[in-house]
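Any value given below was found using the heavy atoms of this structure, including those in side chains, with hydrogens, waters and symmetry copies removed. Letters go in sequence order (proteins before strands), and every chain restarts at 1.
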There are 2 protein chains.
Amino acid sequence: MARPVSQTQIARQLGISQRAVSMALRGQSGVSEELRQRVRELADKLGYRDNFLARALIEGRTRLIGMLANGFADAFYLPILNAISSEIQQSGNRLVFCRWNQVKHDDDEELDSLLRLRVDGLLATPKTPTSWVGGGYEILHKQKVPVVFIDQQAPFDNFGSVISDDIDGIAQLVAHLKSFGHRHLLYMDVPAGRPPHATTSSLRRSGFLAAVGVEGLPLSEHHLLHQCFDQQEYTANLAALLRQNPKATALVCFNDGLALQVIDALHALGIRVPEDISVTGYGDALQNVERFRLPLTTINQSTHEMGQHAAQMLLAMIDGTGSAEKIRVPVKLIERATTAIARPLDHQ
Amino acid sequence: MARPVSQTQIARQLGISQRAVSMALRGQSGVSEELRQRVRELADKLGYRDNFLARALIEGRTRLIGMLANGFADAFYLPILNAISSEIQQSGNRLVFCRWNQVKHDDDEELDSLLRLRVDGLLATPKTPTSWVGGGYEILHKQKVPVVFIDQQAPFDNFGSVISDDIDGIAQLVAHLKSFGHRHLLYMDVPAGRPPHATTSSLRRSGFLAAVGVEGLPLSEHHLLHQCFDQQEYTANLAALLRQNPKATALVCFNDGLALQVIDALHALGIRVPEDISVTGYGDALQNVERFRLPLTTINQSTHEMGQHAAQMLLAMIDGTGSAEKIRVPVKLIERATTAIARPLDHQ
DNA sequence: TTGTAGGCGTTATCAG
DNA sequence: CTGATAACGCCTACAA
């Protein structure tokens, strides 16, 4: 690919200065109308396009927005990405999409790469490091690059964040189950402290404990089962948990994906959902869920709005009309088919 | 956001030339080891990062790859996007994501914006214009920007393309239905010539006609029903079509999404699937489809591979180790629950 | 109305 | 081994 046409080339062909070309093309005064015509014509003929990089170098802004996320596999993030790409594009900026490094446990490489690109701002669903200090995010923080976290608490004051109300969501689920007569609930979690879900995981777990307390329900010593990705093994683990908690009639799962795994395990154990045990998901991330054999009762997180909020906040931070806020988007319970009136069952 | 540290600033602080800093940081010979140390230390301390824009200006390449697509809503493209983002990132390039303009009927604005950014290459699932000449794509063609089309025939020799074998896919569906004893098939299409599906639509429709001929099945005069997005209206249209074709026992749908709509319409008419009428989808784009009440028989298009092929081809075109190819990815029939042995039914 | 000069942050080509 | 100096494509002063 040969180098594209530059203003200098046009100027040379016309025997004029490069500056005249620049002025003419941008419609600024300082060039005769006649010369402007000639410049325009030649530019069109040669297929001239202004070089965004060169301008960015001068202006000190690139109109590039970094977007860091865990790929496009998780359906939960799709409405968020959709909203974001839409907002960013409308604003005349461009989205540089950056995937999580699937092996490393931080985002430092990706952040470095985005920083070298001189993005004007960053939207991120970050991996959660054990500590935010000393890592790539602290560099953004110090350099005052506008950053908005999505689905993750902001670790610095000058970072914006858009999260959803996990505590309230879990509370709604627990209240819902209680209203169905459930008294012994168990919480199904993802592996502790592991990305991608580290923050929401701890929030929902503690939210569960709090909600159970508020509702005055008994709390089992073994109220929690961590996910493992071998379905056989998970089924065995779940069987053991139910044996330890024979009165349990409802399982509150960290998210929709885990809920599906739990339901499969229950079915493998010959336990019916929701007749024998109720199950709840979280996120309402499953597409076409109303077509499922067993549509999941879950919490909807208004993901599209989350994306919109995040993009708009970031754009406002960049052009100085707004500052970093912490936005908490409300959630709502979606009652479908995996929860029902409690019917105590003896697991043995 | 203040301007980030530059080599010149480092040089000034150290009282040396900017060039020395450049050499030192890139580990090139021409600088004493001792000076290199001092440069490195100060650079780290100041949080120096090389400016990609400046380098791109000189090198004439940006390591930016444009990706033009219709957002993140259509599940069919997600594995493609996933594969692409993965490949691009591994290669040390970055993806600039560009959404379709939802109102215009061409991609010219987006292409212009990408061209001004000087992307090194473009991956696209383009809108299909009535003519490729005179539009934005012809400009890329003339300027010899590496381009790979996905799920769309390439209109120029120097464009690569990765498509899947629609003709064969439809043929497999027709053969499958015939083996179940179906003789009267109808084809359900999307609105003619309308993006996003213009090309695949015409391919599948003609593939259907061809396959029906090859299999020696009768072809009704009214073999086709176009999608409309009002479900009420669509149901009425479908009822009319079935009245015109009382012998029809199988409906071949343009894609999975349409198949779902068709199934809903059939159910609204009190027609059972697959007992009364068999329905096929296309694309295998539905997530968790095995959990549906009615898992769809469909054609799997190996979307992940399509993305990989496209990205790898584009990267090879960019670095000159490969050229534009036309890749046709094979498809395979996935038999699930919406097709069954034909049982003629009188629709009246 | 036009041209010249300087700079944005880099790399590359020269001399010294 | 080092330091000016000129690109890259563009913009903004300033001078003509």
Side-chain angles (χ1 to χ4, degrees), chain A residues 1-40 42-43 46-64 112-120 143, chain B residues 1-40 42-43 46-64 113 115-120 143:
Chain A
M1 194 168 89
R3 274 186 191 267
V5 200
S6 72
Q7 293 185 349
T8 314
Q9 291 175 39
I10 296 179
R12 265 203 285 268
Q13 290 204 27
L14 254 33
I16 59 176
S17 77
Q18 177 262 319
R19 171 193 168 281
V21 176
S22 173
M23 302 302 263
L25 289 175
R26 281 179 305 149
Q28 296 209 3
S29 65
V31 189
S32 68
E33 194 50 47
E34 179 262 336
L35 181 58
R36 172 163 303 160
Q37 277 301 331
R38 287 170 52 208
V39 171
R40 282 248 169 81
L42 185 57
L46 297 179
Y48 169 82
R49 288 187 152 60
D50 61 318
N51 186 327
F52 232 96
L53 304 173
R55 176 177 300 177
L57 204 53
I58 295 172
E59 293 182 351
R61 67 183 306 194
T62 55
R63 298 190 172 280
L64 257 27
D112 186 66
S113 134
L114 256 12
L115 236 21
R116 289 167 33 182
L117 235 197
R118 300 294 191 266
V119 292
D120 289 342
Q143 302 200 351
Chain B
M1 192 168 90
R3 277 188 188 266
V5 199
S6 72
Q7 293 185 349
T8 313
Q9 292 176 38
I10 296 179
R12 266 202 286 266
Q13 291 204 26
L14 253 34
I16 60 175
S17 77
Q18 177 264 319
R19 173 193 167 280
V21 176
S22 173
M23 302 298 266
L25 290 174
R26 281 180 301 154
Q28 296 210 2
S29 67
V31 188
S32 70
E33 195 49 48
E34 178 261 338
L35 181 57
R36 172 163 303 161
Q37 277 301 331
R38 287 170 50 210
V39 171
R40 281 245 169 82
L42 184 57
L46 298 179
Y48 168 81
R49 290 189 151 61
D50 63 318
N51 186 326
F52 232 95
L53 305 173
R55 177 179 296 177
L57 204 53
I58 295 172
E59 292 182 349
R61 66 180 311 192
T62 55
R63 296 189 173 280
L64 256 29
S113 131
L115 235 23
R116 288 166 34 179
L117 236 196
R118 300 292 191 265
V119 293
D120 289 343
Q143 302 200 352

- Query: Are side-chain heavy atoms of A:Leu14 and A:Arg38 found at a separation under 4.5 Å?
  - Reply: yes

- Query: Quick one: does A:Asp120's side chain have a donor or acceptor within less than 3.5 Å of a partner on A:Arg63's backbone?
  - Reply: yes

- Grab the CZ-P distance between B:Arg63 and C:dT10 for me, whole Å please. 16 Å

- Could you state the atom-to-atom distance from CZ of A:Arg38 to P of C:dT1 in whole Å? 15 Å

- Query: What heavy-atom pair brings B:Leu25 and B:Ala43 nearest, and what distance separates the two atoms?
  - Reply: CD2-CB, 3.9 Å

- Message: If I take atom CG in residue B:Asn51 and atom C1' in nucleotide C:dG7, what distance separates them, rounded to the nearest angstrom?
- Response: 14 Å

- Query: When you look at A:Tyr48 and A:Gln7, which way does the side-chain hydrogen bond (donor to acceptor under 3.5 Å, both in side chains) test go after all the steps?
  - Reply: CA-CA 8 Å; A:Tyr48 169 82; A:Gln7 293 185 349; 3.2 Å; yes

- Message: I want to check something: taking the side chain as every heavy atom from C-beta on, are A:Leu53 and B:Thr62 in contact at a cut-off of under 4.5 Å?
- Response: yes

- Find out whether B:Val39 and B:Val31 are in side-chain contact, i.e. whether some heavy atom of one side chain is under 4.5 Å from a heavy atom of the other. no

- Rounded to the nearest angstrom, tell me the gap between atom CD in B:Gln9 and atom P in C:dG9. 7 Å

- Item | B:Arg49 with A:Asp112: basic N within carboxylate O range, under 4.0 Å | yes

- To the nearest Å, how far apart are A:Glu34 CD and C:dT1 P? 12 Å

- Message: Whole angstroms only, please: what is the CG-C1' distance between B:Leu53 and C:dC8?
- Response: 10 Å

- Is A:Thr8 close to A:Val21 at the side-chain level, that is, under 4.5 Å between some pair of heavy atoms? no

- Message: Within the structure provided, determine whether A:Phe52 and B:Arg118 are in side-chain contact (heavy-atom separation under 4.5 Å).
- Response: no

- Residue whose nearest DNA chain D nucleotide is more 5′ - B:Ile58 or B:Val31: B:Val31

- Query: When all nucleic acid strands are considered with a 4.0 Å heavy-atom cut-off, which category describes A:Gln7: base, sugar-phosphate, or nothing?
  - Reply: sugar-phosphate

- Taking 5' to 3' order, which nucleotide of DNA chain D is first and which is last to have an atom within less than 4.0 Å of a heavy atom in chain A? D:dC8 to D:dA13

- When the rotation axes relating C1' atoms of four end pairs to the next four are compared across the helix from C:dT1-D:dA16 to C:dG16-D:dC1, five pairs an end, they differ to 10° by 60°

- Electrostatic pair A:Arg55:A:Asp50 at N-O distance under 4.0 angstrom: yes

- Side-chain heavy-atom pair A:Leu46, A:Gln9 within 4.5 angstrom cut-off: no

- Scan A:Arg116 against the nucleic acid and name what it touches under 4.0 Å (heavy atoms): base, sugar-phosphate only, or nothing. nothing

Return the polar atom pairs (N/O with N/O) between nucleotides 3-6 of chain C and the protein under 3.5 Å, or none.
from: C:dG3; atom 1: OP2; to: A:Ser17; atom 2: N; distance (Å): 3.1
from: C:dG3; atom 1: OP2; to: A:Ser17; atom 2: OG; distance (Å): 3.4
from: C:dG3; atom 1: N7; to: A:Arg19; atom 2: NH1; distance (Å): 3.4
from: C:dG3; atom 1: O6; to: A:Arg19; atom 2: NE; distance (Å): 2.6

- Task: Give A:Phe52 one of three labels, base, sugar-phosphate or nothing, depending on what nucleic acid heavy atoms sit under 4.0 Å from its own.
- Result: nothing

- Task: Could you state the atom-to-atom distance from CE of B:Met23 to P of C:dT13 in whole Å?
- Result: 10 Å

